[in-house]
Amino acid sequence: MKIDVKHVAKLANLKIKDSEIEKFEKQLSEVLAHIDKLKKTETKNVLETSQVTGLESITREDKADSARILSQEEALSNTKNTENGFFKVKGVIQSE
Amino acid sequence: MNNKPLTELTIKEAKEGLRERKFSSVELVKECLDQIKRHDKKLNAFITVCEKEALEQARLSDEKIKNGDRSPLLGIPIAIKDIFLTKGIKTTAASRVLDNYVPQYDATVVAKLKNAGAVIVGKTNCDAWAHGSSGENSDFGPTRNPWNTEYVPGGSSSGSAVSVASNMCIAATGTDTGGSIRLPASFCNVVGLKPTYGRVSRYGIIAMASSLDSIGHFTKTVEDSALILNITAGKDRFDATTPQVKVPDYTVLNSKKKLKIGIPKEYIEGADNEIRITFNKALKVLSELGHEIVDVSLPHTEYAIPCYYVIQPSEVSSNLARYDGIRFGSKRDTFGDEAKRRIMLGTFTLSSGYYDAYYKTAMRVRTLISKDFDEVYKKVDAVIAPVSPTLPWKLGEKTNDPLKMYLSDILTATVNLAGIPGLTVPIGFEKGLPIGMQILGPQFSEEILFQIGSAYESETQFYKQKPNL
Amino acid sequence: MKVVIGLEVHVELKTKSKMFCECPTVYFGKKPNTYTCPVCLGLPGALPVPNKKAIEWCVRLGMALNCKIPLFSKFDRKNYFYPDLSKGYQISQYDQPFCEKGWVEINGKKIGITRVHMEEDTGKLVHEAGSTLIDFNRSGISLVEIVTEPDFDNAADVKAYLQKLQQIVRYLEISDADMEKGQMRLEPNISIQGSKKPYKVEVKNINSFSFVEKAINFELKRQEEIIKNGETPIQETRGWDEKKQQTVSQRIKEEANDYRYFPEPDIPPISWTTAQLSGLKSSLPELPDQKLARFKKEYKLSDYDCEILIREKSIADYFEEAVKVGNEHNISPKQIANHIINKKTDVDKILPAELIQLIVQTSKTVQVDTKKLDETISLVLKENEKAVSDYKNGKEQAIMFLVGQVLRKTPKIDATLVKEKIKSKI
């Protein structure tokens, strides 16, 4: 099983240098070959586990609480790319 | 206490000494900081040392102790794995991506430990983003095993295990997603606890794999481990995956109950001879303590690594998406190779056309692995097994072979998939390198693990051995 | 050529706190990044905890749209990268939404509601020359998404559906659904059958009711042209440009975004008991369609009158209050309806009982000496011959002028009565 590293990197918003593509392809293919062992398992009528806790319906009341609110300064504190209280990035096209 | 250096004390002993004013927290913390200064250049267990803050906290602790404050960790020096957010103290995940990140809030566990009076001496090194089993994936250099510095200490909570093993602090926090507490604990001759998934809040801890991350800690003794769990365990309103399960007093360890212990054959079959020999010695001790040892089987063990290495990277790929360099951190091309590998692998296994074959299948195999344990626990109270099929390996031995490194998790990953707890205790040495065993129980059975572990520990006292630094 | 339109509408819920954290939901007009917390800002280590009320409101909306409510539901992660998406994924619902397979009646047609589900809103982008600014105050606000089957085939029905949906949402008091404030957002998917290849065009940025029909009709015309030329319209997202009054290509999706949905591991699934669902069902107010039918039957008013009265729940409630009081004073529902509709009663300023009093007063004036009134009217008609001939020549307003002249001489008379009398005299 071969992974299309270029395609996957694009989906993952990662830049992989052309010189590294082969390396990653090889490494990931080896891992996938091992993972393909899963195909040997009999899982036809088995339910999926996405929650080991068995918990259900954990919610919170609709109350506004300022305990965790960050000040604008705190929110912006870890980047220099700000402008008038906004985070700033290079221009993008309108909306998803 | 005799003339033992303060740094060699357990939490229990240190608390007593502080209460009896045999020494002060400042003295204790200062000795730990000196130990760090002496040995950390070689061992590289710490990314950040908080000397000033720690001494100030120690000073305040001494005053509180004078005023009769009995907070459970008052004045005790601990270290925090650098994926736990500490407000105002740089938190890097051992990655260059976050090498300047100063968190705006504390993780719940950090707040709890601080509330209990603990003094944070520093943030420990680990595999970047907790991706690793050896401690070699850190962007801040590998951590070394204090028992033989040419060998790996195990990962990903490498720095935390080493800091306790080399007496740079008395306890340290860690996380275990596929073995990241148990493996370094067993490689460093310390006690490591991976609690039941959801027993301890994950809020404020950089997520690796959300459905697998367990928040635990390293200590010198089992009793100390129980003491820390008393503080960290419990439902957190900021983490919806923490069930409302009562937190008992885990330090009540006087149960003399004789238990039935299962030894899974699949975990022994692949282990090296030297591991098996030491493990059998441990079983003999357990037998002599009155427990019944029986053979059991966990038939889907061979699918643990394939299953784990689908689910974990899938969740990793999503959890690392927030690191886009906009609100914090550097750009995504700053990620190291291992992070990139896992992100890509996980993106692939979730992608259109592959989701069913990989992620969905893995989620079903996960059910089978969990059921294996459910079945076994109908017959036994606990399961005991080796933690690693081999002794610690040399630095650099597996770094060129990602798959080989992943296979180090072969005896530990099942536990995370089932969400059950595991306590690692030292069981001896071979070729000068530590070996540990893992005591596993059903969900929320930490009391049983502590019971078995502490009786074994009293009998064997491996924790009294110290590395030659 | 058959027109096929399906709609996706997002409604912003007016909960007090956000969907997955306790940040207040005020953000309109506030300083940027002042209502965020580790959760909605997507900081390392933060975890979501869902808002119970938001979920209940979503289910109630689904019920109001005749949906089935599965007993088991969950959240999923929708993974994609965009600067306004702080976590790099949006917590939404994929294959097990809270509500599905409902319907709503629009202009006599049954429109299928595919699903109603919950998700969180993104931050807001402000575009400048060369850069984009991001404000995360809006990030994490609760959104309900209502998806219809592609059952529409014209723009007028789409507008009617939106109006109905807005009305239902306001009746349920779960959102103010103001399109101009972005509290209700519409994305029609438009296509026309008969092209070489199947395709779909999504239209965004329609920010007011007045542009809904225009935008859709423009788009239909554009697509028709392309198909007539034997080509297939490009599958893409287009934006409505208000200034240019046309849709503009925004982005050609070379490949549909692979969202890699998987169950949200940080949030346990949601399960309902039938008792809980019955409780939610009984908490629903009488919905517009039901109220309309009842008003017609009970108050014997025209369709037109009923539609206006029930347009807003507060007015409908006011009307019914007034009817109760009116019953004690011999004032009929029709009289009350007339007053509210024609005289545009300010229901916030005058109590139902006060309204009845007012009507009683004005109808008392009917006890005026009709002989005297007739005389006054004749006099006014004689004195204002131009107005009379204006009216006869079709100038409607002239009659109001004449009424006014009569009222000047005999102020306490019901204007409607005067108008009728003048008409009969002319």
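The figures that follow rest on heavy atoms only: side chains count, while hydrogens, waters and symmetry mates do not.
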> Do B:Tyr101 and B:Ile206 come close enough that some side-chain heavy atom pair is under 4.5 Å?
Replying inline: no
> Does B:Asp213 reach the main-chain N or O of B:Ala207 with its side chain, forming a donor-acceptor pair under 3.5 Å?
Replying inline: no
> Side chain, backbone, both or neither: which part of B:Thr241 has a non-hydrogen atom closer than 4.5 Å to chain A?
Replying inline: both
>> Tell me which of these, A:Lys37, A:Arg68, A:Lys15, A:Lys39, has more heavy-atom pairs under 4.5 Å with chain B than the rest.
In response: A:Arg68
> Which atoms of B:Leu417 come close to chain A, meaning under 4.5 Å heavy atom to heavy atom: side chain ones, backbone ones, both, or neither?
Replying inline: backbone
> Quick one: what part of A:Lys17 sits under 4.5 Å from any heavy atom of chain B, side chain, backbone, both or neither?
Replying inline: neither
> Judged by modelled atom types alone, do B:Ser134 and B:Lys398 share a side-chain donor-acceptor pair under 3.5 Å?
Replying inline: no
> Can you say whether A:Gln51 sits under 4.5 Å from chain B via the side chain, the backbone, both, or neither, judging by heavy atoms?
Replying inline: side chain
> For the candidates A:Thr53, A:Ile58, A:Leu14, which exhibits the highest count of non-hydrogen atom pairs separated by less than 4.5 Å from chain B?
Replying inline: A:Leu14
> Using non-hydrogen atoms only, which part of B:Ala362 is less than 4.5 Å away from chain A: side chain, backbone, both, or neither?
Replying inline: both
>> I need the residue from B:Pro243, B:Pro103, B:Gly198 with the largest number of non-hydrogen atom pairs under 4.5 Å to chain A.
In response: B:Pro243
> Run the side chain to side chain donor-acceptor pair (under 3.5 Å) check on A:Asn78 and B:Asn100 step by step: do they pass?
Replying inline: CA-CA 8 Å; A:Asn78 276 285; B:Asn100 276 317; over 6 Å; no
>> Tell me if the centroids of the rings in B:Tyr354 and B:Tyr359 come within less than 6.0 Å of each other.
In response: no
> Under a 4.5 Å heavy-atom cut-off, does chain B meet the side chain of A:Leu38, its backbone, both or neither?
Replying inline: both
> Under a 4.5 Å heavy-atom cut-off, does chain B meet the side chain of A:Ala33, its backbone, both or neither?
Replying inline: neither
> Relative to chain B, which segment of A:Val8 carries a heavy atom at a distance below 4.5 Å: side chain, backbone, both, or neither?
Replying inline: both
>> Can you tell me which portion of B:Pro402 sits under 4.5 Å from chain A's heavy atoms? Options are side chain, backbone, both or neither.
In response: side chain
>> Looking only at heavy atoms and a cut-off of under 4.5 Å, which of B:Ser370, B:Gly325, B:Cys307, B:Ser210 has the most pairs with chain A?
In response: B:Cys307
> Would you call A:Glu30-A:Lys26 a salt bridge at under 4.0 Å N-O?
Replying inline: yes
> Under 30°, 30 to 60°, or over 60°: which ring-plane class applies to B:Tyr323 and B:Phe335, parallel, tilted or perpendicular?
Replying inline: perpendicular
> Side chains of A:Glu48 and B:Thr367: is there a donor and an acceptor less than 3.5 Å apart?
Replying inline: no
> Partners of B:Leu368 by side-chain contact (heavy atoms from CB on, under 4.5 Å), sequence neighbours excluded?
Replying inline: A:Thr43, A:Val46, B:His300
> Tell me, side chain or backbone of B:Thr242 under 4.5 Å from chain A's heavy atoms, or both, or neither?
Replying inline: backbone
> Contact part of B:Lys371 toward chain A, heavy-atom cut-off under 4.5 Å: side chain, backbone, both or neither?
Replying inline: neither
>> Can you tell me which of B:Met363, B:Lys360, B:Gln104, B:Arg364 forms the most heavy-atom pairs within a distance under 4.5 Å of chain A?
In response: B:Arg364
>> Under 6.0 Å between ring centres: does that hold for B:Tyr406 and B:Tyr308?
In response: no
> Which answer fits B:Lys87, side chain, backbone, both or neither, if we ask what part of it has an atom under 4.5 Å from a heavy atom of chain A?
Replying inline: side chain
> Which one, B:Leu345, B:Ile420, B:Asp337, B:Asp401, leads in non-hydrogen pairs under 4.5 Å with chain A?
Replying inline: B:Asp337
> Checking A:Ile16 against chain B: side chain, backbone, both or neither under 4.5 Å from a heavy atom?
Replying inline: side chain
>> Which one wins on heavy-atom pair count under 4.5 Å against chain A: B:Arg237, B:Lys331, B:Arg341?
In response: B:Arg341
> In terms of heavy-atom pairs under 4.5 Å with chain B, which of A:Leu47, A:Leu55, A:Asp36, A:Val5 leads?
Replying inline: A:Leu55
> When only pairs under 4.5 Å are counted, which of A:Thr59, A:Leu32, A:Leu76, A:Val89 shares the most heavy-atom pairs with chain B?
Replying inline: A:Leu32
>> Under a 3.5 Å threshold, yes or no: a donor from one side chain and an acceptor from the other, between B:Tyr377 and B:Asp372?
In response: no
>> Using the side-chain contact (heavy atoms from CB on, under 4.5 Å) criterion, which residues pair with A:Asn81? Sequence neighbours excluded.
In response: A:Thr79
> Does the side chain of B:Leu298 reach to within under 4.5 Å of the side chain of B:Phe373, using non-hydrogen atoms?
Replying inline: yes
